[in-house]
Amino acid sequence: DSGVTQTPKHLITATGQRVTLRCSPRSGDLSVYWYQQSLDQGLQFLIQYYNGEERAKGNILERFSAQQFPDLHSELNLSSLELGDSALYFCASSARGFNGNTIYFGEGSWLTVV
Amino acid sequence: AQKVTQAQTEISVVEKEDVTLDCVYETRDTTYYLFWYKQPPSGELVFLIRRNSFDEQNEISGRYSWNFQKSTSSFNFTITASQVVDSAVYFCALSALLSNFGNEKLTFGTGTRLTIIP
């Protein structure tokens with residue numbers, strides 16, 4: 001158990017819909033990351049938050065957004081869903097955001113868009 | 001740009017055999033970090049090891065060992081006396097500094113699917 005908690009574990013939704021994925025980082029970790037794992041793209045970095053502020057963006061679509069709340073949990077919002085958004089979405093956390101801190105991953109949220 | 005190459009897409013070995021998973025990386029940074037993660041069939045990503053670019057000592061943890069060679073930009077992973085529970089996809093990853101703040105992201109390889117045959 002990495003200590004990173006993600007909900008829901010599985011989600012099936014229709015195209016055009018909006019979903020929210022939730023993440024609680026490890027106790028004490030200030031940095032939260034979101035990654036997407038799909039068959040064709042592999043593991044891709046989406047976005048990073050540090051202590052409530054956005055710090056870095058990767059290959060995140062404009063239809064996707066995220067935030068980190070004062071209690072440090074994070075949410076990833078996916079809207080206008082398309083079939084191609086079906087993937088495993090990981091949340092990860094690290095103590096800070098630099099110097100090679102180990103990044104621990106949650107168990108992921110499986111999203112299926114039908 | 002950062003890049004991680006895991007040329008072995010799939011490997012199958014018989015239980016108790018040793019197996020080595022290859023990882024080659026590219027980076028222009030002088031300070032960087034390398035990681036291995038395991039993804040079992042259940043899907044979670046499990047951290048195995050972190051190594052910084054200044055420490056080229058090999059590391060052993062039980063049946064697992066890692067060989068880091070800066071001269072060849074490789075960070076290979078060996079499982080000794082493999083077991084069925086080792087069956088998983090293994091990812092090598094490189095940590096890049098994104099800004100002066102030091103924010104990082106992990107650049108992953110495409111993974112190696114390891115199957116241990118009983």
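Each chain gets a letter, A, B and so on, in the order its sequence line appears, and its residues count up from 1.
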Give the interface residues of residues 57-70 of chain B toward chain A, defined by a heavy-atom separation under 4.5 Å.
none
Under 3.5 Å side-chain donor-acceptor pair for [X] and [Y]:
X: Q68(A); Y: S74(A); answer: no
X: T15(A); Y: E82(A); answer: no
X: D29(B); Y: T31(B); answer: no
X: N76(B); Y: T20(B); answer: no

Candidate pair Q48(A) and S31(A), rule side-chain contact (heavy atoms from CB on, under 4.5 Å), full reasoning
CA-CA 7 Å; Q48(A) 179 203 8; S31(A) 215; 2.7 Å; yes
Whether Q6(B) side chain and Y90(B) backbone form a donor-acceptor pair below 3.5 Å:
yes
Using a 3.5 Å distance criterion without hydrogens, assess whether the side chain of D86(B) forms a donor-acceptor pair with backbone atoms of Q83(B).
yes
Interface moiety of F91(B) toward chain A, non-hydrogen atoms closer than 4.5 Å
side chain
Segment of Q37(A) engaging chain B (4.5 angstrom heavy-atom cut-off)
side chain
